[in-house]
Each structure stands twice: as structure tokens, then as C-alpha cells.
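Below: one structure, written as C-alpha cells.
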Amino acid sequence: MRSALFGNLDSSQVPANFALQNAKMLRVQLPHEVLARQGSMVAFQGQMDFDYEGAGGVGKLFKKMVTGEGAPLMRVRGQGLLFLADNADDIHLFYLENEAITVNGRNLLAFDSALTWDIRRVQGAGIAAGGLFNMTVKGTGWVAVTAHGTPVLLDTSRMPTFADGQSAVCWSADLHVGVNRTMKAGALIGRGSGEAVQLAFQGQGFVLVQASEGPPVVSAQ
């Protein structure tokens, strides 16, 4: 796997259809098809068609309906330059070489159409545990993810690693991922820390963590 985050992204060794226009905008060279988050197009030059991309099968559709996970996708075809962004978040590129990466659905911006994807449940998380289902993308090609603020890249082989489920952007797909619960008795009487559950990562690989726990929840007045 190649990425500027790893310091091994040599532009002469990978296809040039994905590139950063700047830190917050992705430039995609078509005619290669691309799957992108719905609504992420900010501009394009040339001739392009934008089509809704379904779940790709009954199994995936059921998972999306039950879990609420999985980025809403569109398929883009045509000729020219496509520019993508999401809420001015920073964008990070990964080039997979017959590999897989797991991505928090809300952080997935775009990926090569040759890649395949599925929704997987974090081990130890019940079907009702929202936010503990994520998308795994595999094959050979580009994946673009977004991060709110400057992220940290953690080496999970060094020590047990934990991250808030809303803050974990993406991670090595072959990691063992479970749930770590740290709720104490005081939480039952309103004295909790607000950090009762985290994702737990073990194995050889990495996890990318953003400087945010997701968009704030606005309470009704």
C-alpha cells in the first residue's frame, strides 16, 4: 500500500488519474470511471455523466439499510477533469496493490471503479451498535479519504491501540478490530467521562485517526 502518509508514494510508480489539486480538493482524470460520494463534485472540465450507484446486490443493500453504514455513492463517466471535495476536509490518498483497506463510511470520498467494496461489522458489536459497521475496499487502485483536521497515523504493531469510533478514518483491513468498553459505575448516575466505548486494534498495520469525533449533534430547542 502506498501513501504520502507512509512516505512511499512515488508518482512515477502509480497511475496518475488521482491527484491532489490541493490539500482539500481531489482531481481525477477521466476517462477512467470513478465512484465518489454523492454531492462531492465541486467542478469538472469536459463531458461527464453522474449516475446514482446502488448497493450492488441484495446483500449489500440489506447491510446498508440495517446498519446505516456505507457512503452514498455516484458513478462518474466521461472525459476530462473532475474535482471532488467534502466540506473542505483534508484529503489523503492510498494506492492499493491487490490489498484491502477499511474506511469509516463518512470519510470515504472516492475510489477507482475497479475496486470492490463491502460492509463489515466490528467484532463484538451488536447489530444495534451504530457506527460500528465500516466499508472495506479491496483490489488495485486509488482510494481517497477525508479527515477533519490534521490526522495522526498510528502503528498498531507497537502497542495496543484504541480510537473513538467516530475519529477512526481508516485502517489496515487485516487488523483484528474489536470493542473496548471503559464505562464505570459512576456513568449510571450521570458521572460518566463520555468515553465509554472505543474501537480496539491489534496486529500489524495502521489506523488513521482524525482530529474530530464527527459533526456536533444539535439538540432540539
Side-chain angles (χ1 to χ4, degrees), residues 1-46 48 50 53 70-78 80-118 134-156 163 167-175 201 204-212:
M1 190 179 301
R2 299 177 184 271
S3 173
L5 292 164
F6 305 142
N8 65 353
L9 187 60
D10 186 340
S11 59
S12 66
Q13 298 177 343
V14 294
N17 52 312
F18 273 43
L20 292 181
Q21 180 67 25
N22 55 57
K24 301 179 185 297
M25 188 177 296
L26 174 67
R27 183 180 72 247
V28 182
Q29 174 73 60
L30 299 181
H32 298 286
E33 280 188 9
V34 63
L35 290 168
R37 172 177 287 278
Q38 291 177 18
S40 62
M41 184 275 292
V42 295
F44 68 92
Q45 293 181 298
M48 296 185 191
F50 300 84
E53 179 69 14
L73 299 174
M74 61 181 179
R75 185 178 293 268
V76 187
R77 303 178 178 91
L81 292 175
L82 171 67
F83 298 90
L84 303 172
D86 185 22
N87 201 34
D89 283 346
D90 289 340
I91 300 172
H92 302 276
L93 296 178
F94 294 86
Y95 187 74
L96 309 185
E97 298 173 293
N98 195 27
E99 298 164 299
I101 188 172
T102 299
V103 184
N104 192 324
R106 64 179 56 83
N107 295 100
L108 184 62
L109 179 63
F111 57 96
D112 273 323
S113 62
L115 295 170
T116 60
W117 64 272
D118 199 1
N134 298 281
M135 292 180 66
T136 296
V137 183
K138 63 181 179 179
T140 297
W142 287 105
V143 179
V145 303
T146 61
H148 187 68
T150 303
V152 61
L153 185 70
L154 301 177
D155 181 353
T156 56
S167 301
V169 173
C170 61
W171 55 88
S172 304
D174 55 356
L175 289 178
F201 301 89
Q204 298 286 330
F206 73 92
V207 56
L208 185 69
V209 182
Q210 66 183 0
S212 170

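Throughout, residue positions are numbered sequentially from 1 according to the sequence presented. Heavy atoms only: backbone and side chains are in, while hydrogens, waters and symmetry mates are out.
Applying the salt bridge (charged side-chain N to carboxylate O under 4.0 Å, His left out) definition to pairs two or more places apart or across chains, those involving residues 6-24 are Lys24-Asp90.
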Would you check, one step at a time, whether the test side-chain contact (heavy atoms from CB on, under 4.5 Å) holds for Met74 with Ser40? CA-CA 9 Å; Met74 61 181 179; Ser40 62; 3.8 Å; yes
Residues Thr140, Asn98; criterion side-chain contact (heavy atoms from CB on, under 4.5 Å); working and verdict: CA-CA 5 Å; Thr140 297; Asn98 195 27; 3.9 Å; yes
Verdict with reasoning, Asn134 to Trp171, per side-chain contact (heavy atoms from CB on, under 4.5 Å): CA-CA 10 Å; Asn134 298 281; Trp171 55 88; 3.5 Å; yes
Show, in sequence, the C-alpha distance, side-chain angles and deciding distance for Leu96 and Lys138, and conclude whether the side-chain contact (heavy atoms from CB on, under 4.5 Å) test is met. CA-CA 7 Å; Leu96 309 185; Lys138 63 181 179 179; 5.5 Å; no
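A pairwise comparison of heavy atoms in Leu9 and Ala4 identifies CB-N, 3.7 Å as the closest pair. Nearest heavy atoms, Ala147 versus Asp89: O-CB, 3.6 Å. Among all heavy-atom pairs drawn from Gly205 and Ser172, the shortest one is CA-OG, 3.3 Å.
Here Gln13 contributes atom CD and Asn8 contributes atom CG; the two are 9.0 Å apart, rounded to the nearest 0.5 Å. The distance from atom CG of Leu93 to atom CG of Leu109, rounded to the nearest 0.5 Å, is 9.0 Å.
Under the 4.5 Å side-chain criterion, counting only non-hydrogen atoms from C-beta, Thr102 is in contact with Thr136. By the 4.5 Å heavy-atom criterion applied to side chains, Arg27 and Leu81 are counted as neighbours.
The closest donor-acceptor contact from the side chain of Ser167 to the backbone of Ser212 lies under 3.5 Å. The backbone N or O of Leu115 sits nowhere less than 3.5 Å from a side-chain atom of Asp112 that would complete a donor-acceptor pair. Counting only distance, with no hydrogens or angles, the side chain of Arg2 and the backbone of Ser11 share no donor-acceptor pair below 3.5 Å. At distances below 3.5 Å, at least one donor-acceptor pair connects side-chain atoms of Gln38 with backbone N or O atoms of Leu73. Between the Arg77 side chain and the Glu33 main chain, no donor and acceptor come within less than 3.5 Å of each other.
Note: Phe206 and Phe6 have perpendicular aromatic rings, judged against thresholds of 30 and 60 degrees for the angle between ring planes.
With Ile91 as the fixed residue, the side chain to side chain contact (heavy atoms under 4.5 Å, CB included) test singles out one of Thr146, Asp86, Val145, Leu84: Thr146. Results of the side-chain hydrogen bond (donor to acceptor under 3.5 Å, both in side chains) test with Asn107 over Gln210, His92, His148 single out Gln210 as the only residue that passes.
When the side chain to side chain contact (heavy atoms under 4.5 Å, CB included) test is applied to Pro15, the partners found at least two apart in sequence or on another chain are Asn17, Tyr95, Trp142.
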